[in-house]
Structure formats: C-alpha cells, structure tokens
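Working notes, structure below.
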Number of protein chains: 2
Amino acid sequence: MPGYTPELIEISKNQTRCSECPIRHQTLFQGVKKEDLNLVQSYRTGQYRLKARQEIFLEAQNSQYLFSIYHGWCAIYKSLGNGKKQIIKIALPGDLIGFQSNIEAPLNYSAISLTDMVLCAFPRNEFTGLLNRNAFVLKRLMELNAREMNLCQNHLMAIGKNIAIEKISLFCAELFLRFHNIYQLPLTNRIFFPLTQVEIGDATGLTCVHVNRTLKTLSDMNLMDISARTLTVPDIDKLCKLGQFDAKSIHTYTLY
Amino acid sequence: MPGYTPELIEISKNQTRCSECPIRHQTLFQGVKKEDLNLVQSYRTGQYRLKARQEIFLEAQNSQYLFSIYHGWCAIYKSLGNGKKQIIKIALPGDLIGFQSNIEAPLNYSAISLTDMVLCAFPRNEFTGLLNRNAFVLKRLMELNAREMNLCQNHLMAIGKNIAIEKISLFCAELFLRFHNIYQLPLTNRIFFPLTQVEIGDATGLTCVHVNRTLKTLSDMNLMDISARTLTVPDIDKLCKLGQFDAKSIHTYTLY
DNA sequence: CGAGGGATTGAGATTCATCAATCTATGTGG
DNA sequence: CCACATAGATTGATGAATCTCAATCCCTCG
C-alpha cells in the first residue's frame with residue numbers, strides 16, 4: 001500500500017535548516033547538540049506548505065511521514081461514524097504529529113489543518129533509526145509523549161464536566177495558556193483563534209448551536225469572547241476558575 | 001519534602017523475582033534479556049500489598065515511587081474541586097503508574113486501588129538511571145506511553161459522545177476487551193468488574209443515578225449486565241457497535 | 001442486629017439536542 | 001462591480017436527555 005499523500009507543496013527554496021530553526025527548543029529536537037543537527041536534517045525529507053482546512057493524514061490509512069509543525073495550527077481527530085468527529089487535540093507549532101505506538105501501522109486518527117501551515121516531514125520507516133542514533137531525540141520524544149498525555153488528560157476533564165460553560169471555559173483557557181507558552185509571549189488578553197464553533201463543538205462534545213449560545217453567555221459575562229478569529233480573555237484567572245483549570249499545569253508542558 | 005507514603009505493606013517473603021515474573025511480557029520490562037533482569041530487580045525497592053479503595057498516591061503531592069502493577073486494578077483520576085472526580089484511566093496488571101513528563105515534580109493525578117493489589121515499586125529518583133542503562137526498557141517505555149495515549153483517546157471518544165448509553169457501552173466494551181487481552185483469556189462472556197456505579201459515572205461524566213438507569217436499559221436490551229462485581233456481555237460485537245468502538249484498536253495496546 | 005455503602009426509583013427542574021429559519025461575511029464567476 | 005453561492009453564526013421553538021434532590025431498598029460486614 002503506497003500510503004495516503006496529502007496535497008503538500010514542497011517549499012522550493014529557502015527551506016529552514018534545522019541548525020537555524022527558530023523554534024527548535026520547543027520541538028522534538030530540543031537538546032540536540034549543534035553538531036548533531038545535520039544528522040537530524042539528513043533525516044528530514046523537507047519542508048512543506050499546506051493551506052487551511054486540508055487533510056494532513058487520515059485515520060486507518062498509512063502515512064509516509066511524521067510531521068513536526070513549523071508553522072500553523074491543526075486538529076487531531078477521530079471520526080465517529082455518524083458523520084461527527086471527536087477532536088482529540090489542537091496541535092500547535094513544535095508539536096510532533098503522527099507518532100503512535102506501532103509506527104508502521106495505519107494511523108489511528110486523522111489530522112486537518114486549521115490555518116495555512118508549514119510542516120517538516122520525517123519518513124516513518126527511518127524514524128526509529130534517528131531515535132537509535134541520537135539519545136537526546138529519544139529522551140525528548142518521551143517528554144513530548146508525556147506532555148501529550150497531560151494535554152489529553154486535561155481535555156478529558158474538560159469534556160467530562162457536566163455543563164457546557166465549564167467545558168468551553170476549560171478548553172479555551174488551556175489553549176490560551178498554551179498559545180502564550182509556545183509563542184513565549186508576555187501575557188496579553190487576546191490571541192489568534194482559528195476554530196469555528198462547529199470545531200469547538202467537536203472538541204467538547206457539544207452541538208454548534210449550543211456552543212453558540214454558551215459563547216454568548218460567556219461573552220455577556222465578560223469572561224471570554226470569540227470574534228474575527230480572535231479569542232479575547234479579559235481575565236484568564238477568572239476563566240480558569242470557572243473551568244476549574246489549574247493554570248500551573250501548563251508549565252509542565254514545556255520541560256526543563 | 002519527604003513525599004506522601006501510602007499504606008503499603010511490604011510482602012515479607014516469597015516476593016516474585018523479576019526473572020520469574022509471570023506477567024513480565026506485558027510490563028515495562030518486556031524484551032529485557034534474561035541476564036539483564038537482575039539489573040531491573042536491583043532497581044526495584046520491593047513488592048507491596050494494598051487493600052481495595054486505598055490511595056496509592058495523590059495529585060499535587062510527591063511520590064517516592066513509580067509502580068508497576070503486578071496484581072489488581074486501580075483508577076487514575078483528577079479531582080474537580082466540587083468534590084467530583086474525573087477518572088482518567090483504569091489501570092490493569094502490567095500497567096506502569098505514576099510516570100509523567102517531569103518525573104521529579106508533584107504528581108498531576110491521583111490513584112486509588114479498586115481491588116486488593118500487589119505493586120512493584122521503583123524509586124523515582126533512580127528511574128532515569130535505569131532507562132539509561134537498558135535500552136530495551138527505554139524503548140518499551142515509549143511503547144507504553146503510546147499505548148496510554150491510545151487508551152486516553154478512546155476514553156475521550158467515549159465521554160465526548162452525546163448520549164449516555166453510547167458512553168457506557170464504549171467504556172465497558174473497551175475494558176472488556178482489555179481484560180481479555182491482558183489476561184490472555186479465550187473470549188468468554190463475563191469478566192470480573194469491581195467498579196461501582198459512582199465510579200462508572202466519574203469515568204464517563206455522568207451522575208450515578210443516570211448510570212443506574214442506563215445500565216438498566218442496557219441490561220433490558222440484553223447488551224451488557226453488571227451485577228455481583230461481574231460484567232456480562234452476551235455479544236461483544238453488538239456492544240462495540242452500539243458504542244461505535246473499533247475492537248481492532250485494542251490490539252495496538254499490546255505491541256510486537 | 002445495626003450501620004453504612006451502594007443500588008434503585010420517583011418527581012421535578014435544568015441542560016442540551018434537534019430541526020428549521022434567518023442573517024452575515026466572504027469569495028467567485030460573469 | 002454585481003449577483004449569486006456558500007460557510008459560518010445566530011435565533012426560536014420544541015422535545016429529549018440528564019441532573020438534582022430525596023426517599024427507599026438491599027447487601028455486606030462487624
């Protein structure tokens with residue numbers, strides 16, 4: 001089986017070299033010594049551009065690559081049969097996507113871009129080779145997995161809550177904090193936010209109609225507001241409190 | 001900080017030696033060569049007994065140990081402030097519990113035994129030493145992490161569904177299949193099942209009252225029945241269908 | 001035998017999904 | 001530049017699903 005190939009467009013010139021990657025410290029390759037970055041780069045197939053709302057890979061299919069997100073956002077999801085989706089996670093720059101227990105097996109989730117993206121591609125069948133050749137990468141992969149678990153657990157807490165306003169508060173508060181963490185920004189009260197209300201529903205297990213009403217309530221309460229692809233949070237502590245989200249747990253996402 | 005110490009009772013004699021562990025192939029130490037099992041054992045503090053419904057460790061506290069489950073079941077959960085819990089995962093024999101991104105940091109979840117248990121304890125502060133000294137353990141840890149992710153994602157799908165009967169079907173079907181997988185049993189139609197209805201509710205985001213009513217419906221439909229700490233599933237395929245659970249995904253939990 | 005945790009049942013209130021219509025912003029082709 | 005198509009956002013009405021509160025029952029254990 002040749003594997004599914006998304007509509008990736010290889011960047012023809014001026015690809016970022018791993019040794020000059022500005023976000024290296026938050027990727028799988030954090031900690032790799034300068035002189036070993038050429039090794040990393042030798043495993044990289046290249047950098048690819050992708051438009052918003054395109055499939056990156058599909059559940060149950062094979063994929064040739066693992067991707068490290070260089071730019072943009074995407075959603076990892078599973079399909080539910082009745083046409084619905086469960087969004088597992090929103091992946092941001094630095095995240096590794098497509099890694100799973102049995103690396104050669106068909107994927108057990110799908111990914112779709114939420115913005116235009118740039119992805120660094122690493123061939124699956126050579127990935128364990130890379131792990132074996134550089135202990136830092138292996139160690140860091142373990143850290144990324146553990147971070148994933150933490151995110152997944154928080155997400156579980158969000159959709160396990162029994163009322164919609166708490167689900168959405170927690171979901172958005174976490175993204176808000178992750179965003180600041182990843183982009184290393186001083187705390188502002190607004191972030192870029194490309195998700196539609198349907199997607200917020202797919203992530204939290206609610207219908208888009210109810211998401212809409214709940215967002216209106218949150219906006220009326222002056223706790224958060226989404227408009228024009230921007231999430232505004234006047235007071236993140238209040239939002240965390242409503243979602244019963246421990247903001248400190250976000251610090252464990254970026255390690256050491 | 002000395003760290004939280006649960007009421008563990010060290011087994012005084014006839015502790016199982018790692019080299020003779022009957023469930024080694026499904027633990028962190030699958031794949032470790034015979035001659036290296038003494039190394040593993042040298043890192044093990046000992047085997048401990050624990051009664052049902054006891055705390056193993058608590059969120060936000062430090063724990064001296066990581067545990068590999070030798071016998072029994074436990075629940076991993078987060079507390080929600082209002083006295084409620086979100087159960088993240090049911091851990092079964094062979095599972096490693098207490099591992100997280102920053103291994104020395106306070107834990108970000110709690111664990112409570114659901115049955116009497118026997119745990120193998122490994123000191124946290126020496127754990128990375130063990131990983132560095134045996135590549136099989138490191139590789140296997142990665143596999144276990146990936147398996148955890150898979151479980152967590154399935155759990156997300158369960159509680160993301162919009163009706164209770166599907167949530168509970170998926171949750172129980174997964175446990176049913178995991179149980180058979182772990183104990184390597186031929187497919188029977190009943191398994192031991194120690195969870196209370198409150199705990200099923202904590203796992204699926206429902207109240208115990210509604211769990212009760214939904215279980216009655218499922219029983220009336222002859223799809224599954226819980227009584228006397230036994231889960232009976234006349235036709236697992238039907239149950240999976242109702243929960244839209246892909247039974248094949250269970251095979252990815254045990255690797256290679 | 002009594003105590004207590006878990007299971008069960010009922011009634012009423014709340015939250016949420018569904019269906020359907022409208023509105024708005026954006027982009028596309030002529 | 002306009003007409004149109006389309007995706008997303010919004011609103012209303014209705015019924016279903018679920019929660020809450022409360023009472024009762026049942027089983028186990030000391």
Side-chain angles (χ1 to χ4, degrees), chain A residues 51-54 75 80 82-87 112-116 158-169 171-172 193-221 224-232 242, chain B residues 51-54 75 80 82-87 112-116 158-169 171-172 193-221 224-232 242:
Chain A
K51 293 228 168 287
R53 312 288 156 177
Q54 288 194 319
L80 254 51
N82 52 2
K84 291 184 182 173
K85 299 173 178 180
Q86 174 63 54
I87 290 182
I112 185 170
S113 59
L114 298 172
T115 66
D116 291 355
I159 71 181
K161 292 182 183 302
N162 55 15
I163 58 174
I165 198 169
E166 290 180 2
K167 297 187 194 200
I168 293 179
S169 297
F171 176 72
C172 290
F193 193 85
L195 303 209
T196 64
Q197 295 181 356
V198 172
E199 286 159 347
I200 295 173
D202 289 342
T204 53
L206 301 164
T207 59
C208 62
V209 174
H210 201 63
V211 167
N212 183 280
R213 293 187 168 119
T214 307
L215 287 179
K216 183 157 182 357
T217 304
L218 280 162
S219 182
D220 289 347
M221 292 168 75
M224 56 170 272
D225 180 82
I226 296 174
S227 57
R229 310 195 110 209
T230 303
L231 166 64
T232 306
L242 175 57
Chain B
K51 294 229 167 288
R53 313 286 155 177
Q54 288 195 320
L80 255 50
N82 53 2
K84 292 185 182 173
K85 299 174 179 180
Q86 174 64 53
I87 291 182
I112 186 170
S113 59
L114 298 172
T115 66
D116 291 356
I159 71 182
K161 292 183 183 304
N162 56 16
I163 58 175
I165 199 168
E166 290 180 0
K167 297 187 195 201
I168 293 179
S169 297
F171 177 72
C172 290
F193 193 85
L195 304 208
T196 65
Q197 294 181 357
V198 173
E199 286 159 347
I200 296 173
D202 288 342
T204 52
L206 300 164
T207 59
C208 64
V209 174
H210 201 61
V211 167
N212 182 279
R213 293 187 168 120
T214 307
L215 287 179
K216 182 157 183 0
T217 304
L218 280 162
S219 182
D220 289 347
M221 293 168 75
M224 56 170 272
D225 180 82
I226 296 174
S227 57
R229 311 195 111 207
T230 302
L231 167 64
T232 306
L242 175 57

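What you are looking at is a predicted structure, and each value in this text was computed from that prediction instead of being measured. In what follows, chains carry the letters A, B, and so on, assigned in the order in which the sequence lines appear, proteins first and then strands, with residues in each chain numbered from 1.
Regarding B/Gln197, its CD atom lies at a distance of 12 Å from the C1' atom of C/dG5, rounded to whole Å. The interatomic distance linking A/Ile226 (CD1) with D/dG8 (C1') rounds to 13 Å, in whole Å. The CG atom of A/Leu114 sits 16 Å away from the C1' atom of D/dA7 (whole-angstrom rounding). The nearest whole Å value for the distance from the CG atom in B/Leu195 to the C1' atom in C/dG6 is 13 Å. Between the CG atom of A/Leu215 and the P atom of C/dT15 there is a distance of 17 Å, given to the nearest Å. With rounding to whole Å, A/Asp202 atom CG is found 14 Å from C/dA17 atom C1'. Rounded to whole angstrom, the span from the CD1 atom of B/Ile159 across to the C1' atom of D/dT18 amounts to 16 Å. To the nearest angstrom, P of D/dA9 lies 9 Å from CD of A/Glu199.
For the atom pair B/Phe171 CZ and B/Leu195 CG, the distance stands at 5.0 Å (nearest 0.5 Å). Atoms CD and CG, on A/Glu199 and A/Leu114 in that order, are 5.5 Å from each other to the nearest 0.5 Å.
Two residues are said to be in side-chain contact when any heavy atoms from C-beta on lie closer than 4.5 Å; B/Thr196 and B/Arg53 meet this criterion. Proximity of A/Leu242 to A/Leu218: side-chain heavy atoms (C-beta onward) are separated by under 4.5 Å at one or more points.
A donor-acceptor pair under 3.5 Å links the side-chain atoms of A/Asp116 to the main chain of A/Ala52, judged by distance alone. Using a distance-only test at 3.5 Å, with no hydrogens or angles considered, a donor-acceptor pair links the side chain of A/Gln86 to the main chain of A/Ala203. Of the possible donor and acceptor atoms, one in the side chain of A/Ser113 sits under 3.5 Å from a partner among the backbone N and O of A/Gln54. Side chain of B/Ser219 to main chain of B/Leu215: no donor-acceptor pair is present (N/O by atom type, distance under 3.5 Å, no hydrogens or angles).
The B/Lys216 side chain lies nearest to C/dT9 when the options are D/dG8, C/dT9, C/dC16.
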Let me have a per-nucleotide readout for nucleotides 19-30 of chain D, 5' to 3', with B, S or -, counting only protein heavy atoms under 4.0 Å.
SBB---------
For nucleotides 23-28 of chain C, read 5' to 3', which letter fits each nucleotide if B means a protein heavy atom sits under 4.0 Å from the base, S means only the sugar-phosphate is that close, and - means neither?
------
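B/Asn212 has no side-chain polar atom (N or O) that falls below the 4.0 Å cut-off from OP1 or OP2 of C/dA7.
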Apply side chain to side chain contact (heavy atoms under 4.5 Å, CB included) to the pair B/Lys167 and B/Thr214, showing each step before the final yes or no.
CA-CA 10 Å; B/Lys167 297 187 195 201; B/Thr214 307; over 6 Å; no
